[in-house]
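The basis for the numbers below is simple: all heavy atoms, side chains too, and nothing from hydrogens, waters or symmetry mates.
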Amino acid sequence: MCSSDLFAQAMTKEHSMLQRMKCSKLASSLLLCGALGLHIQAAQAAERISDFSLIDHHGEFFQLSRETNSEAIVLMTYADSRDVRRAIDDLDDLVEQFADQDVAFYLIDASGESDKDVIAEQADDDIAYPILVDDTQFVAKELGLTRQTDVVILDPANMEVVFRGALNNRFEEGSRARRASEHYVADALNSILAGSAIAAPQVASKGDVLDFSLRESTVESLSYAEDIAPILEERCVSCHMEGGIAPFAMTNHQMVRGWSPMIREVLYTKRMPPGQIDPDYVDDFYDVAHITTEETQKLIAWIDAGAQNESDSDPLAKLRPTAEKWSYGEPDMVIDVPTQEIPATGVQDYRNLMVPLNLDKDVWVKAVEFEAGDTTVLHHIIAFAYGPNGVSEFDILNQGIGLGAYAPGNEVNTYPENSGFPLKAGGGLMLQMHYTTSGKEATDSSQVALYLWDEEPERQVRGGSAGELDINVAPFERRHEMLATAKFRQDSYLSMLGPHMHYRGYDANFVLRYPDGREEEILNVPNYQFNWQKVYDFKEPMFVPAGSELVFTGTFDNSETNPFNPDPSQTLSWGEQTWQEMFFGFYRFVEAGDRKSVV
């Protein structure tokens with residue numbers, strides 16, 4: 001027998017002895033706990049958890065992996081109950097105790113309620129904490145929350161649950177204490193901040209049991225063919241097809257199963273569907289990328305169960321989707337963008353290409369569609385119009401986002417009913433082209449399709465922006481909020497909104513401030529994603545009385561916790577390149593005048 005075999009035998013015997021010793025100690029501990037009749041969960045090694053994202057009851061975005069500036073995050077289960085409100089009073093004391101420490105405090109609503117207004121109304125002004133809305137209940141399940149007033153402490157840097165239990169002995173199961181004498185969460189936080197192990201017992205809380213029955217009934221007995229494939233076809237396949245813009249095609253069950261860990265991750269963190277907006281506004285706009293709570297529950301539960309197909313049918317394999325070149329229909333005009341050569345490396349300045357249209361009469365555009373040439377290097381196209389006298393800077397500035405714009409996921413630009421964008425005879429398009437290098441030389445040959453009215457429409461489409469060029473964001477600044485406004489001088493109908501920032505953009509929000517002082521939020525984008533430059537077209541244009549202001553607010557995240565940040569040590573200022581910043585809230589509208597309503 002060789003020396004390696006002898007070593008292996010010795011190690012095996014030592015391992016067996018250690019295991020017997022551990023089992024003996026564990027049995028003794030369990031007997032002791034049983035004899036004492038205590039409901040104690042022994043302090044255990046930290047539990048690894050998934051990264052997750054939720055929106056709070058004010059519509060603000062939370063992602064665990066972006067909270068690593070905190071050494072610990074305290075989450076307490078929220079419900080509209082007497083026990084929870086009493087616990088919040090004690091939580092207030094805890095917040096004051098750790099005010100100077102890197103500890104963040106949140107509540108989490110795990111009731112399955114998805115209406116933020118309901119939660120906000122219950123919470124009223126007495127509760128100062130963000131209430132994270134766990135509409136799918138999957139986060140609460142994974143964190144091990146089972147009762148109201150349950151508390152978990154998370155280590156965001158390591159994605160771990162390091163404590164689970166009651167806030168203090170007032171909320172311990174079976175306790176009748178009127179004042180706390182054992183402070184379990186406070187003791188655990190002190191241990192974490194001191195860099196020592198959490199020695200305190202983790203005691204079960206006494207709040208009402210959380211009801212997961214609705215979620216469980218939703219995900220019971222799932223079938224790939226009948227439950228999962230229809231969701232994927234409805235929500236995903238339009239991009240995840242052969243020749244689509246997504247990185248893989250959902251051509252069959254085997255492909256989906258292979259990518260299922262990634263699918264689970266992007267659902268958990270709300271990266272997909274792309275360009276998500278606050279669910280409260282999904283029904284107000286055309287073609288919003290969206291997935292329902294029930295659909296998310298089904299997909300995640302199916303993946304967690306192994307992503308099996310137990311039937312003989314594979315609906316995805318029977319699909320034969322093809323990427324249509326012109327999804328809006330056959331265009332009236334197709335403009336070939338002059339071919340552009342892009343080097344392998346280096347900074348690319350904006351290219352403003354003047355493209356004459358050779359029109360012998362004025363025409364009116366009712367929609368624009370872009371066909372990207374090389375998507376590996378083409379960042380965006382904005383199409384502006386110029387007249388027979390050439391480009392006027394004033395006209396360009398007053399066109400907002402022009403006739404329309406291309407960015408990944410935003411190919412088609414439409415206008416309100418009975419309205420159009422005028423193109424003058426003898427004029428043309430100024431195409432703002434932005435390229436980024438990919439490491440190899442590339443050639444881009446994009447196209448722009450125009451759809452025209454047969455006759456002059458009732459109203460002219462106009463554009464504008466609420467923007468700010470004076471940008472000054474400090475290095476490593478985590479939340480830098482900015483605001484810009486634009487005033488409507490005539491009664492108008494607002495038809496489109498489009499936030500624009502670069503890699504440090506964190507969230508975006510649009511509010512209408514009416515002449516009488518009333519304010520109405522009309523779009524909230526909690527998780528702004530620079531890689532998906534979406535514009536949002538109202539299904540019914542909003543009437544805006546003269547004198548109203550469009551208020552655009554947004555937040556920049558220049559910290560190292562921003563996974564998209566190219567350089568958090570940089571002081572940010574305005575600039576055209578993606579590592580610089582912009583701040584524009586684009587909009588499109590038509591003036592009401594005396595003509596027939598466009599609604």
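- Below 30°, between 30° and 60°, or above 60°: for F370 and Y406 the angle between ring planes is between 30° and 60°, a tilted geometry.
- Sparse packing is recorded around CD of E121, with 12 or fewer heavy atoms of other residues, nucleotides or ligands lying under 6.0 Å away.
- Ring centers of H502 and F564: at least 6.0 Å apart, outside the cut-off.
- For the 3.5 Å distance criterion, the side chains of E520 and Y514 qualify, holding a donor opposite an acceptor.
- One side chain, Q63 or S65, offers a donor N or O that lies under 3.5 Å from an acceptor on the other.
- For the residue pair Y435 / D444, a side-chain donor-acceptor distance below 3.5 Å is found, with atom types taken as modelled.
- I300 pairs by the side chain to side chain contact (heavy atoms under 4.5 Å, CB included) definition with F138, R264, L267, Y268, T296, D304, not counting sequence neighbours.
- Taking the six-membered ring where tryptophan is involved, the planes of Y415 and F421 are tilted, since the angle between them lies from 30° to 60°.
- Remark: K539 is not positioned above the aromatic ring of F285, lacking an NZ or CZ atom under 6.0 angstrom from the ring centre and at most 45 degrees off the axis.
- The minimum heavy-atom distance between A474 and N558, with the atom names listed, is O-ND2, 3.0 Å.
- Ring to ring, Y224 and W302 are close: their centroids are under 6.0 angstrom apart.
- Tested against F552 for a ring pair (Phe, Tyr, Trp, His ring centres under 6.0 Å), the candidates F584, F583, Y528 yield a single pass: F583.
- In this structure, W453 contributes its side chain and S419 its backbone to a donor-acceptor pair below 3.5 Å.
- One side chain, R478 or N69, offers a donor N or O that lies under 3.5 Å from an acceptor on the other.
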- Task: Show your reasoning for whether side chain to side chain contact (heavy atoms under 4.5 Å, CB included) applies to H380 and Y350.
- Result: CA-CA 10 Å; H380 77 247; Y350 283 17; 3.5 Å; yes
Review item, side-chain donor-acceptor pairs of residues 240-251, under 3.5 Å, at least two apart:
from	atom 1	to	atom 2	distance (Å)
H240	ND1	F248	O	2.9

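- Put simply, the side chain of Q148 never gets that close to the backbone of T77: no donor and acceptor are under 3.5 Å apart.
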- Query: Checking side chain to side chain contact (heavy atoms under 4.5 Å, CB included) for the pair I382/L431: CA distance, chi angles, key distance, verdict?
  - Reply: CA-CA 6 Å; I382 301 179; L431 302 177; over 6 Å; no
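- At a cut-off of 3.5 Å, with distance as the only test, no side-chain donor of E369 or N413 sits close to an acceptor on the other residue.
- Using bins of under 30°, 30° to 60° and over 60° for the plane-to-plane angle, the ring pair H500/F586 lands in the tilted bin.
- The pair D557-R66 meets the salt-bridge criterion, with a side-chain N (NZ, NE, NH1 or NH2) lying under 4.0 Å from an Asp/Glu carboxylate O.
- Between Y328 and Y451, the two ring planes are perpendicular [angle over 60°; tilted spans 30° to 60°].
- S50 and E265 share no side-chain donor-acceptor pair at under 3.5 Å.
- Centroid-to-centroid, the aromatic rings of Y106 and F62 come within less than 6.0 Å.
- Using modelled atom types and a 3.5 Å distance limit, the side chains of Q580 and R504 yield no donor-acceptor pair.
- In this structure, R479 fails the cation-pi test against F556, since its NZ or CZ atom is not both closer than 6.0 Å to the six-membered ring centre and inside 45 degrees of the ring normal.
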